[in-house]
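The structure under discussion appears below in the form of structure tokens.
As the structure is a computational prediction, the values presented were derived from the model and not from experiment.
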Amino acid sequence: MFIQDAHVCTKIFFKPTDTHQLLHTSSYHPKHTFSGILKSQLIRFRKLCTFPHHVKEAEDILFSAPKDRGFTKQFFRRTRSKINTEQQKKQSNQETMTLVLPYSENTKTLATKFIKNCQSSSPSE
């Protein structure tokens, strides 16, 4: 989490010990399991990153690691393309974000500022 231009922003953080190992494709799991694992990671990146270039950075890190696990570049590209198509369809629907804050004397003020900030930066204006 970081602040940029007075906005709270987020991006994926990988611990230094994270080896980015995915389930090996030669394991005896149903074939849809492998695409599901990759798809869930890519969706997670899109949900957690504020900026598209941070999504790309996280994808590049993930995509560079599991080549020795049986995943091909074509499989990654195909899965990414499916997610992009699904995301474009969802963009026509307005998504909501739930803000959960611990109670304090400043919570209402903080929440009000956050909501105003989100509204002022919304693409509909």
Side-chain angles (χ1 to χ4, degrees):
M1 191 179 327
F2 59 98
I3 297 178
Q4 183 175 331
D5 299 327
H7 291 86
V8 176
C9 304
T10 59
K11 68 178 188 174
I12 300 295
F13 171 76
F14 295 108
K15 291 182 180 180
T17 56
D18 189 348
T19 59
H20 312 291
Q21 295 296 311
L22 299 177
L23 186 64
H24 202 292
T25 56
S26 66
S27 69
Y28 294 101
H29 286 79
K31 295 298 177 195
H32 69 271
T33 304
F34 309 109
S35 61
I37 290 171
L38 182 59
K39 183 177 178 180
S40 67
Q41 288 297 307
L42 297 175
I43 290 171
R44 179 176 159 265
F45 294 164
R46 282 168 173 72
K47 286 184 177 183
L48 295 179
C49 292
T50 304
F51 301 110
H53 67 274
H54 289 146
V55 173
K56 178 84 169 85
E57 286 175 14
E59 287 178 350
D60 289 346
I61 290 169
L62 181 67
F63 288 10
S64 67
K67 292 174 187 167
D68 62 337
R69 310 292 287 173
F71 290 90
T72 63
K73 286 185 178 183
Q74 180 184 11
F75 182 72
F76 282 114
R77 285 192 301 264
R78 191 171 45 241
T79 305
R80 182 193 288 167
S81 178
K82 285 180 186 178
I83 292 170
N84 287 340
T85 303
E86 291 171 7
Q87 188 177 18
Q88 289 170 353
K89 289 178 184 177
K90 285 184 180 181
Q91 282 180 344
S92 61
N93 301 334
Q94 186 168 354
E95 296 183 26
T96 60
M97 177 175 41
T98 303
L99 177 62
V100 180
L101 298 171
Y103 178 78
S104 76
E105 295 296 324
N106 300 325
T107 300
K108 185 174 182 179
T109 304
L110 179 62
T112 303
K113 286 181 181 180
F114 182 80
I115 291 168
K116 284 181 183 178
N117 192 9
C118 289
Q119 290 171 342
S120 67
S121 63
S122 69
S124 61
E125 291 184 0

About how many Å separate [atom2] of [Y] and [atom1] of [X], when rounded to the nearest 0.5 Å?
X	Y	atom1	atom2	result
Ile83	Arg46	CD1	CZ	5.5 Å
Leu38	Ile43	CG	CD1	10.0 Å
Asn84	Thr79	CG	OG1	11.0 Å
Glu57	Phe45	CD	CZ	11.5 Å
Leu62	Asp18	CG	CG	9.0 Å

**Request:** Please lay out, stage by stage, how Phe34 and His29 fare under the test side chain to side chain contact (heavy atoms under 4.5 Å, CB included).
**Result:** CA-CA 8 Å; Phe34 309 109; His29 286 79; 4.0 Å; yes

**Message:** Please check this pair: side chain of Ser40 against backbone of Gly36, looking for a donor-acceptor N/O pair closer than 3.5 Å.
**Reply:** yes

**Message:** Looking at Thr72, is its backbone amide N or carbonyl O close enough to the side chain of Gln74 to form a donor-acceptor pair, meaning the two atoms are under 3.5 Å apart?
**Reply:** no

**Request:** Evaluate the side chain to side chain contact (heavy atoms under 4.5 Å, CB included) criterion for residues His54 and Glu59: first the C-alpha distance (whole Å), next the side-chain angles of each, then the deciding distance (0.1 Å), finally the verdict.
**Result:** CA-CA 9 Å; His54 289 146; Glu59 287 178 350; over 6 Å; no

**Request:** Would you please test Phe63 and Leu42 for side chain to side chain contact (heavy atoms under 4.5 Å, CB included) and show each step?
**Result:** CA-CA 10 Å; Phe63 288 10; Leu42 297 175; 3.7 Å; yes

**Item:** Nearest atoms (heavy-atom pairs only) where Leu22 meets Ile37
**Value:**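 For Leu22 versus Ile37, the nearest heavy atoms are CD2-CG2, 3.9 Å.
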
**Asked** Nearest heavy-atom pair of Ile12 and Cys49: which atoms, and what distance?
**Response** CG1-SG, 3.6 Å

**Asked** Are Glu86 and Lys39 close enough for a salt bridge, meaning some N to O gap below 4.0 Å?
**Response**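 Result for this pair is yes, salt bridge flagged.
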
**Message:** Would you call the rings of His53 and Phe51 parallel, tilted or perpendicular, taking 30° and 60° as the class edges?
**Reply:**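 Ring orientation, 0 to 90° scale: parallel.
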
